Amino acid sequence: MMENRTSIARLAALDELLRMEQDYETAAYARSLGEGCISGRANEPDCKYPIAISGWGYDALNHLIVTVTYDTEGDELENDFEPSSAVAFFTLGGSESSRGNGGFVASGGVRELKYSCFVDSFKEGVIQIQLPGRDALKVLQETAERALLGIRVSIDSTSYRVMHESLRTAMRSDSEKFVRLRETLVGNLRPRFRQLPPVVFPWLNDTQNRAVRQVVAAMDVAIVHGPPGTGKTTTLVEAIIETLQREEQVLVCAPSNAAVDWISEQLSKRSVNVLRIGNPLKMSDEMLECSYERRYGDHPDYPELWQIRQLLRNADRPPSKEKARQMRKRADELEIRINEDLFRQARVVSCTLIGSAYHILERRRFSTLFIDEAAQALEPACWTAILKADRVVLSGDHQQLPPTVKCIEAARKGLSDTLMQYIVRTKPECVTLLTTQYRMHRDIMDFPSRWFYHGALKAAPEVADRQVHLMDTPLTFIDTCGGGREAENGERKAESGERRSRSGSLTNADEARLVVHTLRDYVDMLGLERVVADGVDFGIISPYRAQVRMIRRLLKMQRFYRRLRGQVTVRTVDGFQGQERDVILISLVRDNDEGQIGFLGDLRRMNVAITRARMKLIIIGNSETLSRHHFFRAMLEHFKERGQFVEAWPQEQTAADETSVPGQDEV
């Protein structure tokens, strides 16, 4: 039938695009391993060299953990060594002392440890790594005696394998229920809805109530579209709880562990029994109590199982063959019973989309799958979880951050387009847009509302006019056009404007100084004592990682900001997703005569940046460079109409505040 051909062709195309992305990432990783890329020392977000092994031991779950240290001089501050990230130990390939070591394999210009390793924890100067066993530790220790070791983030091929297998299974499946769901999601079938008595929750607003009712009524698919500050999580939690009035158990997934933990925590607070599946290294401390491993170990039958395993491993007094057979049979019975008990007691099973392929979920099916933050999920990952469900509820905002796709060609051909985007476009009857937002002052909200949400958003009365200071305006744009520090002849210095850092990211030294100066002026206006006492919090955002690092250094070099430690956060746009602050400053960086704005042109990132502010939004940028793009031209007009538009640079700093900006090679 035509529907089958349409949907299967789409999934086949996705499989090929995913292959392009995998090949691109693999090739980029191989290129980065060239010996010339790591010479002398490296302190990058994804690479530390040289390192030293300072100790090892076992954690509570009996994983072998090795602790490594590195010199923090020139530390990038941003890092990719997140818990559970796949990493590889290496030595430089040219080192005689590392040759012939069977534990290492050649890869590009380095020799990598052949064992799989994962980050347990990271803090400045110290990384704890989970090793697969004593053999890997022995190789590391022997190698460290003869050669310098390094460590770098590597490619986790498991996720690619899982997504490829999921797409192919989705194409091959002839299950009547699944085929119906597949054709509704990406084929030509229209979604179906039950007629149910209206349910009203007094603590939800009109659109939130409508979203919950549609989730319950949907037979195939429903979408909760939640713009910034509209209570998407509150709505989704209520929809899950209402679904559990009709179903015994549901599956809740998200693309990242942080997102899974967040929705799971909110459900736990409502006394829902959540079983969190996945690697405990990836979970928040709050969710460890709900983890499969913790509950497995706390089960009343576990002590007997542990004792049997110990007896079977006892090399000094091994049991007879018949006794060993009986013991293994009993161990299998206990494992099955413990596993069944844990799943029978759970009302919600939660995991990442890729984690839904975990072996303990292999034969389990669920009436309903909820995917939170679906607009950030690669579509192939979604199909991994969809294979286990009869109907799907997606929640998110496709006008905010998209999924990360590194291969430009794969992104251009559609890999960065999400399943949620596709359904919103082709099956609009599935979608409920939440329209009342509880975060931003109305003047901050109005521009993104008009641009991204057809003007549908309304500020709740309690936040509509909320300000940090009654004499202030919620919007300020500081224009750097024609500014910058000037040489004696009146021309701009060579350091003015944007510059490309060693890492390839962009910086703007003048603008970084201006951000730091502007923040201090604003704190002085409010009063430092009041800011500290009231806990006013500030966020500084830049789309460029190098600019973030530069601003962090400048803040660190000024004593004034020591009392505000914990109240000022500096991150990239991606780092601020899902967060909010009383005051947000945005450094746009771009300053060139050609009007080039690079990935500032990804307007979804700008939507995220702008909508982090509760009461005050300050944007710093070059109006001449920005205004050549229609979005920024409209944004500048909004600031002129509803806020302040300041064409000024700060006065020369006093001697007490003057700080030199690090050279680009140091950042």
Side-chain angles (χ1 to χ4, degrees), residues 56-66 83-84 115-118 120-121 128-137 158 162 248-253 257 260-261 264-265 267-268 271-352 354-366 388:
W56 64 275
Y58 290 89
D59 66 9
L61 295 172
N62 207 35
H63 297 131
L64 178 59
I65 306 295
V66 63
S84 79
Y115 300 98
S116 299
C117 308
F118 299 91
D120 181 78
S121 66
Q128 291 192 308
I129 307 296
Q130 183 186 125
L131 298 181
R134 294 293 294 270
D135 289 345
L137 177 64
T158 302
V162 167
E248 287 298 315
Q249 189 178 75
V250 300
L251 178 63
V252 176
C253 293
N257 282 284
V260 175
D261 286 343
S264 299
E265 287 170 24
L267 288 164
S268 294
S271 300
V272 177
N273 188 323
V274 178
L275 183 62
R276 175 73 164 89
I277 307 296
N279 188 335
L281 297 178
K282 306 177 182 181
M283 299 178 194
S284 65
D285 293 340
E286 292 79 7
M287 288 313 300
L288 282 176
E289 289 297 323
C290 299
S291 70
Y292 178 86
E293 283 76 4
R294 180 69 59 85
R295 290 188 175 173
Y296 196 96
D298 290 342
H299 193 277
D301 287 339
Y302 182 74
E304 182 184 352
L305 176 61
W306 182 85
Q307 186 177 28
I308 292 173
R309 288 172 174 171
Q310 288 294 100
L311 291 172
L312 288 170
R313 284 195 293 258
N314 191 338
D316 296 331
R317 299 178 62 185
S320 66
K321 288 186 178 180
E322 178 59 24
K323 182 67 173 176
R325 186 187 67 80
Q326 294 176 357
M327 291 170 68
R328 281 192 286 270
K329 181 180 178 182
R330 177 59 178 165
D332 290 343
E333 292 173 352
L334 291 171
E335 287 180 354
I336 292 171
R337 190 158 75 192
I338 293 172
N339 191 61
E340 289 302 316
D341 281 353
L342 296 185
F343 278 97
R344 185 174 61 252
Q345 295 164 9
R347 301 300 309 280
V348 169
V349 176
S350 67
C351 59
T352 62
I354 298 299
S356 64
Y358 198 46
H359 67 92
I360 59 174
L361 292 172
E362 188 173 353
R363 298 186 182 278
R364 297 193 176 273
R365 288 198 59 80
F366 301 85
K388 299 185 175 299

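The chain is numbered in sequence order, starting from 1. All figures in this text were calculated on a predicted structure; none of them were measured in a lab.
Atom CG of N257 and atom CD1 of I354 lie 11.0 Å apart (nearest 0.5 Å). Atom-to-atom distance recorded for H299:NE2 and L342:CG is 6.0 Å, nearest 0.5 angstrom. To the nearest 0.5 Å, atom CZ of residue R330 and atom CG of residue L312 are 13.5 Å apart. Between atom CG of residue L361 and atom CG of residue L275 there is a gap of 8.5 Å, rounded to the nearest 0.5 Å. Once rounded to the nearest 0.5 Å, the distance linking CG of D120 with CD1 of I129 reads 8.0 Å. Taking CZ of R276 as the reference point, atom OG of S291 lies at 9.0 Å (rounded to 0.5 Å).
For the pair I338/L305, a side-chain contact is recorded, criterion being any heavy-atom separation below 4.5 Å from C-beta on. Within the 4.5 Å cutoff, side-chain heavy atoms of L251 are placed close to those of C351. Looking only at side-chain heavy atoms (C-beta outward), I360 and I277 come within less than 4.5 Å of each other. With a 4.5 Å cut-off on side-chain heavy atoms, S116 and F118 count as touching. For the pair C253 and T352, the minimum side-chain heavy-atom distance is 4.5 Å or more. Contact annotation: the side chain of S268 approaches that of C290 to within less than 4.5 Å [non-hydrogen atoms, C-beta and beyond]. Taking the side chain as every heavy atom from C-beta outward, V66 and Q128 never approach each other to under 4.5 Å. Here the side chains of R294 and P280 are not in contact, with every heavy-atom distance at 4.5 Å or above.
Considering all non-hydrogen atoms of both residues, N273 and Q345 come closest at ND2-O, 3.3 Å. Considering every non-hydrogen atom in both G278 and E293, the closest pair reads O-OE1, 3.5 Å. Considering all non-hydrogen atoms of both residues, Y302 and G297 come closest at CD2-O, 3.6 Å.
A donor-acceptor pair is defined here as one N or O able to donate and one able to accept, closer than 3.5 Å; such a pair exists between the side chain of R347 and the backbone of E248. Using a distance-only test at 3.5 Å, with no hydrogens or angles considered, a donor-acceptor pair links the side chain of D261 to the main chain of S284. Within the 3.5 Å criterion, the main-chain N or O of L64 finds no donor-acceptor partner in the side chain of Q130.
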For this session: Go through V348 and Q249 one step at a time and tell me if the side-chain contact (heavy atoms from CB on, under 4.5 Å) criterion holds.
Result: CA-CA 6 Å; V348 169; Q249 189 178 75; over 6 Å; no
For this session: Apply salt bridge (charged side-chain N to carboxylate O under 4.0 Å, His left out) to the pair R309 and E335, showing each step before the final yes or no.
Result: CA-CA 11 Å; R309 288 172 174 171; E335 287 180 354; 2.7 Å; yes
Problem set entry | Trace of the side-chain contact (heavy atoms from CB on, under 4.5 Å) decision for L131 with I65 | CA-CA 6 Å; L131 298 181; I65 306 295; over 6 Å; no
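Remark: R364 is positioned above the aromatic ring of F343, its terminal NZ or CZ atom under 6.0 angstrom from the ring centre and at most 45 degrees off the axis.
No more than 12 heavy atoms of other residues, nucleotides or ligands sit less than 6.0 Å from atom CD of Q307.
The side chain to side chain donor-acceptor pair (under 3.5 Å) with Q326 is formed by just one residue from the set K329, R328, E322; it is E322.
For N339 and R344, the side-chain atoms include no donor-acceptor pair closer than 3.5 Å.
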